[in-house]
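Heads up, the thing below is written out as structure tokens.
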Amino acid sequence: QVQLVESGGGLVQAGGSLRLSCAASGRTFSSYPLAWFRQAPGKEREFVAAIRGSSGSTYYADSLKGRFTISRDNAKNTVYLQMISLKPEDTAVYYCAAGRFWYYPDYDRRSRYDYWGQGTQVTVSS
């Protein structure tokens, strides 16, 4: 089993930036697709971004494109989410996920990912 642990969350002012990290343990996942999801209070978990294991191609939720950037370092078994120009609406628990296979165009579905972290809280104040 792949274990994922998120870090880097915290409190930030609107307009600020934050970088989240997700480290994997137990095994390497160089070929695994990786993704970030988020869940705000009272709302369903929603897709944020994904990155392929083979090509490194990236995919984003339409509403977040331009503000969020996903990247990975396979040597460190780590995936990152760089967030800029943060808004109060970005407040949520952010989760990282890993899948055994790449699904297109279903990379934004929760059911396509097999391993999940416990999440890290991001709070954006106005």
Considering all heavy atoms of both residues, which atom of [X] and which atom of [Y] are nearest to each other, and what is their separation?
{"X": "Gly9", "Y": "Val122", "value": "CA-CG2, 4.2 Å"}
{"X": "Val2", "Y": "Ala24", "value": "CG1-CB, 4.2 Å"}
{"X": "Tyr113", "Y": "Gly99", "value": "CD2-N, 3.8 Å"}
{"X": "Ala49", "Y": "Leu81", "value": "CB-CD1, 4.4 Å"}
{"X": "Gln39", "Y": "Ala92", "value": "O-CB, 3.4 Å"}
{"X": "Ala98", "Y": "Leu4", "value": "N-CD1, 3.8 Å"}

Is there a donor-acceptor pair closer than 3.5 Å between any side-chain N or O of [X] and the backbone N or O of [Y]?
{"X": "Arg45", "Y": "Ala40", "result": "no"}
{"X": "Ser57", "Y": "Ser55", "result": "no"}
{"X": "Tyr94", "Y": "Glu6", "result": "no"}

In the single-linkage hydrophobic clustering (I, L, V, M, F, W, Y; side-chain heavy atoms under 4.5 Å), do Leu18 and Leu64 co-cluster?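 Shared cluster, yes.
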Indicate, with yes or no, if Val12 and Phe68 share a hydrophobic cluster defined by side-chain heavy-atom contacts under 4.5 Å among Ile, Leu, Val, Met, Phe, Trp and Tyr. yes
Report yes if the distance between the aromatic ring centroids of Tyr107 and Phe47 is under 6.0 Å, otherwise no.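 Here the rings of Phe47 and Tyr107 have centres that are less than 6.0 Å from each other.
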Measure the shortest side-chain to side-chain distance between Pro33 and Arg52 over non-hydrogen atoms and say whether it is less than 4.5 angstrom. no
Check: Asp114 and Tyr32 side chains under 4.5 Å, non-hydrogen atoms: no
May I ask you to decide if the ring planes of Tyr104 and Tyr59 are parallel, tilted or perpendicular, using 30° and 60° as cut-offs? tilted
Anything under 30° is parallel, anything over 60° is perpendicular, the rest tilted; go ahead and classify Tyr95 against Trp116. perpendicular
Neighbour count >12 (heavy atoms, 6.0 Å) for atom [atom1], [X]:
{"X": "Tyr103", "atom1": "OH", "answer": "yes"}
{"X": "Gln121", "atom1": "CD", "answer": "yes"}
{"X": "Gln118", "atom1": "CD", "answer": "no"}

Have a look at Met83 and tell me which of Thr69, Asp90, Val124, Leu20 forms a side-chain contact (heavy atoms from CB on, under 4.5 Å) with it.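 The passing option is Leu20.
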Derivation and outcome, side-chain contact (heavy atoms from CB on, under 4.5 Å), residues Tyr80 and Ile70: CA-CA 6 Å; Tyr80 305 94; Ile70 187 172; over 6 Å; no
Let me see the working for Tyr60 and Val48 under side-chain contact (heavy atoms from CB on, under 4.5 Å), right down to the final yes or no. CA-CA 6 Å; Tyr60 299 91; Val48 173; 6.0 Å; no
To the closest 0.5 Å, what do you measure between OG1 (Thr58) and CZ (Arg72)?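 Thr58 OG1 to Arg72 CZ: 11.5 Å, rounded to 0.5 Å.
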Using 0.5 Å steps for rounding, measure from the NZ atom of Lys87 to the OG atom of Ser126.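 Nearest 0.5 Å value for the NZ-OG distance: 14.0 Å.
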Derivation and outcome, side-chain contact (heavy atoms from CB on, under 4.5 Å), residues Arg100 and Tyr115: CA-CA 9 Å; Arg100 292 174 294 170; Tyr115 311 101; 4.2 Å; yes
Under the side-chain contact (heavy atoms from CB on, under 4.5 Å) criterion, do Ser71 and Gln82 qualify, and how do the steps go? CA-CA 8 Å; Ser71 62; Gln82 179 68 53; over 6 Å; no
Applying the salt bridge (charged side-chain N to carboxylate O under 4.0 Å, His left out) test to Glu46, which of Arg109, Arg110, Arg38 qualifies? Arg38
